There are 2 protein chains.
Amino acid sequence: MPLEIPEVVIDRLPTYYRLLTNLQARGVAVVSSQELGEALNVTPAQIRKDLSYFGRFGKQGRGYSVQRLTDELRTILGLDQRWRMVLIGVGRLGTAIASYRGFEPQGFDIVGVYDVNPEAVGTELGGELVVRNVADLARDLADDPVDIGIVAVPAGEAQAVVDVLVAAGIGAILSYAPTAAQVPAGVEVRQIDPVLSLQGMTYHLRRRDA
Amino acid sequence: MPLEIPEVVIDRLPTYYRLLTNLQARGVAVVSSQELGEALNVTPAQIRKDLSYFGRFGKQGRGYSVQRLTDELRTILGLDQRWRMVLIGVGRLGTAIASYRGFEPQGFDIVGVYDVNPEAVGTELGGELVVRNVADLARDLADDPVDIGIVAVPAGEAQAVVDVLVAAGIGAILSYAPTAAQVPAGVEVRQIDPVLSLQGMTYHLRRRDA
DNA sequence: GGCGGCTTGCGAAAGTGTGCACAATCATAC
DNA sequence: GTATGATTGTGCACACTTTCGCAAGCCGCC
Ligand SMILES: NC(=O)c1ccc[n+]([C@@H]2O[C@H](COP(=O)([O-])OP(=O)(O)OC[C@H]3O[C@@H](n4cnc5c(N)ncnc54)[C@H](O)[C@@H]3O)[C@@H](O)[C@H]2O)c1
Ligand SMILES: NC(=O)c1ccc[n+]([C@@H]2O[C@H](COP(=O)([O-])OP(=O)(O)OC[C@H]3O[C@@H](n4cnc5c(N)ncnc54)[C@H](O)[C@@H]3O)[C@@H](O)[C@H]2O)c1
């Protein structure tokens, strides 16, 4: 990794990685930047340029070994280890997240779930997870740190939860709450908000029909 | 709207809009680009530049009228009308989406929900929505078009559902399925995928601790 | 009614990101 | 062994995006 990699490049790598694992599962051995680009709706040049930040993984005249490139991206993205996560807020959305089977195969484990509601605390979720009291979150994290926090509490509670996570030294937060979280530099935050996505699309819808 | 507006600008407007509605609810009358920027973690210059694509909404020495700017952004983003949506796939995630109270206040109405599972079809969801059979989706849309489709089916089924929506002339799709949907030009697609967000963050986590 | 302090809007500069075009290289076929 | 056809990696030019810097304009105070 010689120089600084643009953030946009990092954000594209996971989509490359996911397509490659699909190809691998389908038994495809070699793939060209052309083919990758068609499947992902990006230009072949962009894919080659993105990958060239990290090394020379292809072969002229052939393309990329799916196996090789998958392995390289796994290492680059840090997916060759398991990541421990806590989930805060076990309401409707939190329940869906906790039962989602898409995290574990990708190396992400939810190792603790928390809520403030006394009726929720103590209940069992899915298999082995018991909802804990959010009042214990700080202590639990001090005893047993995790890598990532998932925030699924109402908007008004989100910053308080984020503050606890940050104070515990967490490195990354995935927030579903519809507010911009304030965190110190060095803490990664991504927000998932379907309303923002919808509002970005209505701008275009309006113009298209007009 | 004189010239072409960069897509990155459009994607920031909803976050401005949301903050402004919060400020309005809290009774704030005037706000400066400085204050907006601090709350949203962007530079004041960027906010001013973004807004200047659409008009001159501020007053020198004062800032922006929260009321005025909210109204302007509402019009720009097309949020001064209601948008009709259908939801396809009423599993764990789809159920959470259908019961989410965050869409309706922003002008987005789920007017139909569909599934393929015979046990789900016919059941009532939340208040007045009855799960319909996805086999009827094309006909229903032909009779009564909607603006936006929300896809919450398994990855392998997503493209087929997208194809039906596109054939029905839908303008925008919000997909939760972990695959890149293929659509013709002119159809807006946004994907929501927590795993991609997580994988983007682990790249940075790996580098920080190293 | 003029002065001082603020903040916008915007042109221009600086900084980033993308796509083109092509030399270099590889696999294969004959 | 060489010709053929394909595809990578990358320098470069262009395009896009962000930030700077400041004149113009607004408010309130004295
Ligand atoms: N449901 C969706 O599809 C959806 C979609 C997008 C975003 N969101 C957002 O996700 C968040 C949760 O949505 P939801 O529909 O699950 O709401 P919900 O009300 O069903 O669940 C929220 C849960 O958080 C718990 N909680 C509240 N304060 C807490 C605290 N301080 N610490 C720990 N737990 C706390 C509550 O007890 C409740 O169980 C909201 O911010 C919402 O805007 C939801
Ligand atoms: N649960 C989550 O938190 C979560 C998070 C991110 C993404 N996702 C994605 O969202 C999608 C749904 O996830 P889920 O956890 O709700 O899965 P799920 O299995 O609980 O639900 C899927 C639903 O889709 C229905 N379905 C299947 N094929 C269909 C078709 N052709 N037409 C209509 N309905 C069909 C099924 O009957 C089922 O009810 C998946 O693609 C998943 O990867 C889920």
Side-chain angles (χ1 to χ4, degrees), chain A residues 1-16 19-20 23 28-73 76 185 200 203-204, chain B residues 1-16 19-20 23 28-73 76 185 200 203-204:
Chain A
M1 261 61 64
L3 69 176
E4 197 59 33
I5 317 288
E7 186 63 25
V8 276
V9 173
I10 306 303
D11 286 344
R12 281 190 293 265
L13 296 184
T15 66
Y16 302 166
L19 175 57
L20 285 162
L23 292 174
V28 178
V30 172
V31 69
S32 68
S33 59
Q34 174 81 40
E35 293 165 313
L36 291 173
E38 275 164 18
L40 295 170
N41 303 315
V42 299
T43 63
Q46 177 145 85
I47 291 177
R48 295 202 299 275
K49 174 77 81 177
D50 285 352
L51 295 176
S52 75
Y53 279 105
F54 300 95
R56 305 158 59 114
F57 308 131
K59 278 205 183 123
Q60 286 100 329
R62 288 279 288 163
Y64 299 88
S65 154
V66 173
Q67 169 80 58
R68 164 89 193 281
L69 193 49
T70 304
D71 291 347
E72 295 284 358
L73 283 175
I76 292 165
Y203 171 87
H204 297 288
Chain B
M1 262 59 66
L3 67 176
E4 196 60 33
I5 318 288
E7 185 64 25
V8 276
V9 173
I10 307 302
D11 285 344
R12 280 190 294 265
L13 296 185
T15 67
Y16 301 166
L19 175 58
L20 285 162
L23 292 173
V28 178
V30 173
V31 69
S32 68
S33 59
Q34 174 81 40
E35 294 166 313
L36 291 173
E38 275 164 19
L40 295 170
N41 304 315
V42 299
T43 63
Q46 178 148 84
I47 291 177
R48 293 202 300 276
K49 174 72 85 178
D50 285 352
L51 296 175
S52 75
Y53 280 104
F54 301 96
R56 306 158 57 114
F57 308 132
K59 278 202 181 128
Q60 287 100 328
R62 288 278 289 163
Y64 299 89
S65 154
V66 173
Q67 170 80 58
R68 164 90 193 283
L69 193 48
T70 304
D71 291 348
E72 295 284 359
L73 283 175
I76 292 165
Y203 171 86
H204 296 290

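Just so it is clear: chains get the letters A, B, ... in the order the sequence lines come, proteins before strands, and each one is counted from 1. Note that the structure is a prediction, hence the values are computed from the model and not measured.
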Novice: Ignoring the backbone of B:Ala45, work out which of D:dC20, D:dT8, D:dG11 is nearest its side chain.
Specialist: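 The nucleotide sitting nearest to the side chain is D:dC20.
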Novice: Distance check needed: C:dT7 C1' versus B:Lys49 NZ, whole Å only.
Specialist: 16 Å
Novice: So if I apply the side chain to side chain donor-acceptor pair (under 3.5 Å) rule between A:Ser33 and each of A:Lys49, A:Gln46, A:Arg48, which one comes out positive?
Specialist: A:Arg48
Novice: From CZ of B:Phe57 over to C1' of C:dT7, roughly how many Å is that when rounded to an integer?
Specialist: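 Checked: the CZ to C1' distance equals 17 Å.
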Novice: Side chains of B:Tyr53 and B:Pro6: closer than 4.5 Å at any heavy-atom pair?
Specialist: yes
Novice: Report the nucleotide, chosen from D:dC26, C:dT8, C:dC26, that has the shortest atom-to-atom distance to any side-chain atom of B:Arg62.
Specialist: D:dC26
Novice: Looking at every strand, decide which applies to B:Arg56 at a 4.0 Å heavy-atom threshold: base, sugar-phosphate, or nothing.
Specialist: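 Sugar-phosphate only.
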Novice: Choosing from C:dC26, C:dT8, C:dG19, which nucleotide comes nearest the side chain of B:Tyr64?
Specialist: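 Selected nucleotide: C:dT8.
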Novice: Among the nucleotides D:dT7, C:dG19, C:dC10, which one has an atom lying closest to any side-chain atom of A:Ser32?
Specialist: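 The closest nucleotide is D:dT7.
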Novice: Among C:dC10, D:dT18, D:dT8, find the nucleotide with the atom closest to the side chain of A:Gln60.
Specialist: D:dT8
Novice: Please tell me which of the listed nucleotides, C:dC10, D:dT7, C:dG19, lies nearest to the side chain of A:Gln46?
Specialist: C:dG19
Novice: Output the rounded distance in Å from CD (B:Gln34) to P (C:dG9).
Specialist: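 In whole Å, C:dG9 P lies 15 Å from B:Gln34 CD.
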Novice: Provide a list of protein-nucleic acid N or O atom pairs under 3.5 angstrom, restricted to nucleotides 14-16 of chain C.
Specialist:
none

Novice: Compare side-chain N and O positions of A:Arg48 against OP1 and OP2 of D:dG9 and report whether any pair is under 4.0 Å apart.
Specialist: no
Novice: Taking all non-hydrogen atoms of both residues, which atom of B:Val28 and which atom of B:Val30 are closest, and how far apart?
Specialist: CG1-O, 3.4 Å
Novice: In whole angstrom, what separates B:Glu4's CD from D:dA15's C1'?
Specialist: 14 Å
Novice: Do A:Phe54 and A:Glu72 make a side-chain contact, defined as non-hydrogen atoms from C-beta onward lying under 4.5 Å apart?
Specialist: no
Novice: Given D:dT18, is OP1 or OP2 found less than 4.0 Å from the side-chain N or O atoms of B:Thr43?
Specialist: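 It does not, given that no N or O in the side chain of B:Thr43 lies less than 4.0 Å from OP1 or OP2 of D:dT18.
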Novice: Between atom CG in A:Asp11 and atom C1' in C:dG17, what is the gap in whole Å?
Specialist: 14 Å
Novice: Tell me whether the side-chain N/O atoms of B:Ser33 come closer than 4.0 Å to OP1 or OP2 in C:dT7.
Specialist: no
